[in-house]
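Encoded as structure tokens, the structure appears first; notes follow it.
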Protein chains: 2
Amino acid sequence: MGLVQTASNSPYRYQDAHLDVDFVRKCALVDSHRLVLTRKEYDLLALLVENAGEIIPRNVLLLRVWGYSSEIRTRTLDVHVRRLRKKLGSYSEQYIETIFGIGYRFQPFRANQRFQTGVPTSPLAASA
Amino acid sequence: MGLVQTASNSPYRYQDAHLDVDFVRKCALVDSHRLVLTRKEYDLLALLVENAGEIIPRNVLLLRVWGYSSEIRTRTLDVHVRRLRKKLGSYSEQYIETIFGIGYRFQPFRANQRFQTGVPTSPLAASA
DNA sequence: GTGGAGTTGTAAAACTTTTGTAAAAACCAC
DNA sequence: GTGGTTTTTACAAAAGTTTTACAACTCCAC
């Protein structure tokens, strides 16, 4: 097992300066430290990371990770996001953004974080 | 090729700092001490060791060692894992990991256990 | 700016599922 | 039958997930 081929844009793996997600082995590392995630936590992270940069509405997350149809009112998603952020440690703020009224977005790590600092980017994508 | 090939990666044998499994003679040693295993115990250990480092789902273990199709609900596997661990003594924790909701994994001995220390590694493999 | 409705964050409890364990029962070869 | 092995049973313990209850925050109308 030699080094890794720059897999940065491989569909099987996500990598940036601090985070490394292996979609095949279904595991993740933060600064070369293994992230111990439960199934739901991993599923949630993976879905967000696979769509890095894109806003994923709550209802989509709830559907894809939990199989919940809309209409279901629950705080489970929030609780899981919280636990994920906790495990991501200090980078969590930068990685997982909350898009008020819509959902969440995973943002790849950027050393120079001057631009989209906290900017929820064009709000609205869904009609909710 | 040629040359000594320390049996470490021979398909007929597994060896690490403390454990030695001879797949031909179907016997195992722990710190040069013979492990007295019953048939099922050996089969289970062998299957895990042959796939060292990989997670083996419960249903695969039950199929390969017991011939059970899925759908069969039994605690036999757990009982055998327990007896195996008991016989492996103090190393058992390090060797046989439980992957919650999925199965078990045999992990080769590592002197420097800094990395995956007790880390159940990313769970998840199946969707349920 | 303020206020309020609605949304998200958080901690802890409740709940569900999975795994560990001990002991007894069932098996099996001799 | 006896001794050893394997499976079942019945719980206990652990891990994971969801709910609850409320605090904190955001956005928009005014």
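- Here the C1' atom of nucleotide C/dG9 and the CG atom of A/L84 are 14 Å apart, to the nearest Å.
- For B/Y104, a side-chain nitrogen or oxygen approaches OP1 or OP2 of C/dG20 to under 4.0 Å.
- Among residues at least two apart or in separate chains, salt bridge (charged side-chain N to carboxylate O under 4.0 Å, His left out) pairs with a member in residues 56-74 of chain B are B/R58-B/D78.
- Shortest non-hydrogen contact noted between B/Q107 and B/E97 is OE1-OE2, 3.3 Å.
- Aromatic rings from A/Y95 and A/F106 are positioned such that their centres are separated by under 6.0 Å.
- Nearer to the 5' terminus of DNA chain C, by closest-nucleotide assignment, is the contact made by A/R85 (compared with the other of A/R85 and B/V79).
- Aromatic ring orientation, B/H80 versus B/W66: perpendicular (interplanar angle above 60°, classes split at 30° and 60°).
- Heavy-atom distances under 4.0 Å link DNA chain C to B/R75, B/D78 of residues 67-78 of chain B, given in residue order.
- Distances shown here put a side-chain N or O of A/T98 below 4.0 Å from the OP1 or OP2 atom of C/dG9.
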What pairs of donor and acceptor atoms, side-chain ones from residues 29-54 of chain B against any protein atom, are under 3.5 angstrom apart with sequence neighbours left out?
| unit_1 | atom_1 | unit_2 | atom_2 | d |
| --- | --- | --- | --- | --- |
| B/D31 | OD1 | B/H18 | ND1 | 2.6 |
| B/D31 | OD2 | B/Y91 | OH | 2.7 |
| B/T38 | OG1 | B/E41 | N | 3.4 |
| B/T38 | OG1 | B/E41 | OE1 | 3.4 |
| B/E41 | OE1 | B/T38 | N | 3.0 |
| B/E41 | OE1 | B/K87 | NZ | 2.7 |
| B/N51 | ND2 | B/L47 | O | 2.8 |

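- Using a distance-only test at 3.5 Å, with no hydrogens or angles considered, no donor-acceptor pair links the side chain of B/R105 to the main chain of B/I96.
- Comparing B/E41 and A/W66 by the nucleotide of DNA chain D that holds the closest heavy atom to each, the one mapping nearer the 5' end is B/E41.
- In this view, A/T76 and A/T74 satisfy the side-chain hydrogen bond (donor to acceptor under 3.5 Å, both in side chains) rule, not counting sequence neighbours.
- Put simply, A/K40 has a side-chain N or O that comes within less than 4.0 Å of OP1 or OP2 on D/dT18.
- Across all their heavy atoms, A/Y14 and A/F109 have their closest contact at OH-N, 3.9 Å.
- Within 4.0 Å of A/V81, counting heavy atoms only, lies no atom of the nucleic acid at all.
- Summary of the strand contacts: A/H80 and B/L37 both lie near DNA chain D, and taking for each the nucleotide with the nearest heavy atom, the more 5' one is attributed to B/L37.
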Set out, line by line, the N/O atom pairs under 3.5 Å between protein and nucleotides 23-25 of chain D.
none

Pairs: protein N or O with nucleotides 26-30 of chain C N or O, under 3.5 Å:
none

